[in-house]
Amino acid sequence: MKIDRLIGILSILLQRDTVTAPELSEQFEVSRRTISRDIEDLCRAGIPLVTKQGAGGGISIMENYKMERTLLTTGEMQDILAGLRSLDSINGTNRYGQLMEKLQAGASDFMTGNQSVLIDLSSWYKDSLAPKIEQIRSAIDNGIRLEFLYYSPKGTGERSIEPYYLIFRWSSWYVWGWCESRKDYRLFKLNRMDNLKLSEQTFEKKAVPFPDLRTEQIFPGGIQVKALFEPECKWRLVEEFGTGCFEEQPDGRLLFQADYTNRENLMTWLMTFQDKVLLLEPEELKEELLEILERMLVQNRAVPGS
């Protein structure tokens, strides 16, 4: 897009004293005539550019023009590049990395080993997530309704939404949009979506409320949990909840207390500790857990085919 190229040219001019039209032409893969028109557009926008002919000549910003020579610091550019590269990790492309290489041309230290932050957002569901993300982005950019089959705790059903935001939260991807069946804005988890497709209907984009991403909003219904864990479970508790989630008891066991937000996930999580945990509170959850374990015991003792 032209606006991307203009921003890229301006960024290069802010980082280098002089750049030639052939260099810009090669960098952005356009003709020298196109670069000349871009330079004229930047001048009309109020950026005083100077062109010098001959050896050592080129295009530069007028000397003493009161404008910062860099739009971003080296650290800021590295952070942006790390973030954009993390988006490449979703679908295995180098699209965002190539974009940043264009914008930071002339500042080679950004690309020669100084990248200290690497972010990988890919997941086990990479093969199915990548096409969904591309479809959703296309729908958002072009104002096209999305249709899909959605699996939720309340059941499975067809949904049609006007998508507005693609969100990465708590190691999962979501889309935020206006749901036709609920007549309200909803957050949908991409891993629960199936048969996703762009509909033939478009919608007029409008200002929409930004989704409330607080944990208690995404996962309502806090559960006050109290449990005793064996000492060997300490590393998991620290990894998942931090060092302040438990108190070490005289016998070495760990008294864990936390506000858990999802009942089903809590039950599953507790069972992963097998006999290394004793649930103390809430009492009704303890009884439910015992019932589940008893049913599992009966089911697994049953003789196949009987």
Side-chain angles (χ1 to χ4, degrees), residues 83-84 86-87 89-91 96 119 121-225 240-241 258-272 282 284-285 287-289 291-292 295:
L84 290 177
S86 72
L87 294 177
S89 71
I90 300 167
N91 51 21
Y96 296 99
I119 305 170
L121 299 181
S122 59
S123 73
W124 294 108
Y125 306 98
K126 181 177 179 179
D127 290 342
S128 61
L129 272 178
K132 287 180 183 177
I133 289 172
E134 290 300 310
Q135 281 183 293
I136 292 170
R137 288 195 60 190
S138 177
I140 293 173
D141 292 342
N142 298 290
I144 300 175
R145 292 180 187 273
L146 284 172
E147 296 176 351
F148 53 90
L149 182 66
Y150 195 65
Y151 299 87
S152 73
K154 297 181 179 179
T156 305
E158 299 285 346
R159 298 293 183 94
S160 175
I161 68 168
E162 298 176 0
Y164 284 97
Y165 295 108
L166 188 60
I167 301 164
F168 182 76
R169 169 74 168 170
W170 283 93
S171 73
S172 296
W173 284 95
Y174 301 83
V175 59
W176 169 261
W178 174 264
C179 178
E180 286 297 315
S181 60
R182 298 294 184 267
K183 302 300 179 185
D184 196 4
Y185 293 98
R186 289 287 191 270
L187 200 62
F188 298 94
K189 194 171 186 177
L190 268 60
N191 282 345
R192 295 182 184 173
M193 299 165 65
D194 196 15
N195 299 331
L196 177 66
K197 63 180 181 180
L198 278 65
S199 76
E200 298 180 356
Q201 296 180 317
T202 60
F203 64 93
E204 185 176 347
K205 295 183 181 180
K206 52 184 176 294
V208 302
F210 193 77
D212 188 342
L213 299 179
R214 291 176 299 172
T215 301
E216 59 268 25
Q217 293 298 319
I218 299 178
F219 304 111
I223 303 171
Q224 299 296 323
V225 180
E240 298 177 32
F241 291 91
D259 183 8
Y260 220 91
T261 57
N262 185 285
R263 190 181 190 90
E264 183 177 345
N265 288 347
L266 171 58
M267 302 284 275
T268 303
W269 180 71
L270 287 171
M271 285 190 285
T272 64
E284 66 274 13
L285 196 65
E287 295 176 0
E288 185 177 342
L289 182 60
E291 292 176 1
I292 292 174
R295 288 198 299 269

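Computed over heavy atoms, backbone and side chain alike; hydrogens, waters and symmetry mates excluded. Heads up: numbering here begins at 1 and tracks the sequence. Not measured: the values here are computed from a predicted model.
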- prompt: What distance do D194 atom CG and E158 atom CD have between them, rounded to the nearest 0.5 Å?
  reply: 9.5 Å
statement: CG of L166 to CD of E134, rounded to nearest 0.5 Å, is 9.5 Å
task: List for me each residue that meets side-chain contact (heavy atoms from CB on, under 4.5 Å) alongside N142, sequence neighbours excluded, and say none if there are none.
output: S138, I144
task: Let me know which of R192, K189, M193 forms a side chain to side chain contact (heavy atoms under 4.5 Å, CB included) with Y174.
output: K189
task: Kindly indicate whether the side chain of W178, heavy atoms from C-beta on, has any atom under 4.5 Å from the side chain of F203.
output: no
field: side-chain contact (heavy atoms from CB on, under 4.5 Å) between N195 and E147, intermediate numbers included
entry: CA-CA 8 Å; N195 299 331; E147 296 176 351; over 6 Å; no
- prompt: Considering the options I167, L196, I136, which one meets the side chain to side chain contact (heavy atoms under 4.5 Å, CB included) requirement together with L190?
  reply: I136
Shortest non-hydrogen contact between Y151 and L149, atoms and distance: OH-CD2, 3.3 Å
Contact check, side chains of E240 and W269, non-hydrogen atoms, under 4.5 Å: yes
- line: By side-chain contact (heavy atoms from CB on, under 4.5 Å), E291 pairs with (sequence neighbours left out) R295
message: Strictly by side chain to side chain donor-acceptor pair (under 3.5 Å), give each pair with a member in residues 197-209 just once, sequence neighbours left out.
response: E162-K206, Y164-K206
query: Mind checking what makes salt bridge (charged side-chain N to carboxylate O under 4.0 Å, His left out) contact with E180, not counting sequence neighbours?
result: R145, K183
message: Could you work out, with salt bridge (charged side-chain N to carboxylate O under 4.0 Å, His left out) as the rule, every residue matching D184, not counting sequence neighbours?
response: R186
- prompt: For the residue pair M267 and L285, what are the closest heavy atoms and their distance?
  reply: SD-CD1, 3.3 Å
message: Quick one: does any side-chain atom of Y165 pair with a main-chain N or O of I140 as donor and acceptor, under 3.5 Å?
response: no
query: To the nearest 0.5 Å, how far apart are CD in Q135 and NZ in K132?
result: 9.5 Å
- prompt: What residues, two or more places apart in sequence or in another chain, satisfy side-chain contact (heavy atoms from CB on, under 4.5 Å) together with S181?
  reply: R159, C179
field: Distance (rounded to the nearest 0.5 Å) between W173 CH2 and I133 CD1
entry: 5.0 Å
- prompt: With under 30° as parallel and over 60° as perpendicular, where do the rings of Y185 and W176 fit, or are they tilted in between?
  reply: parallel
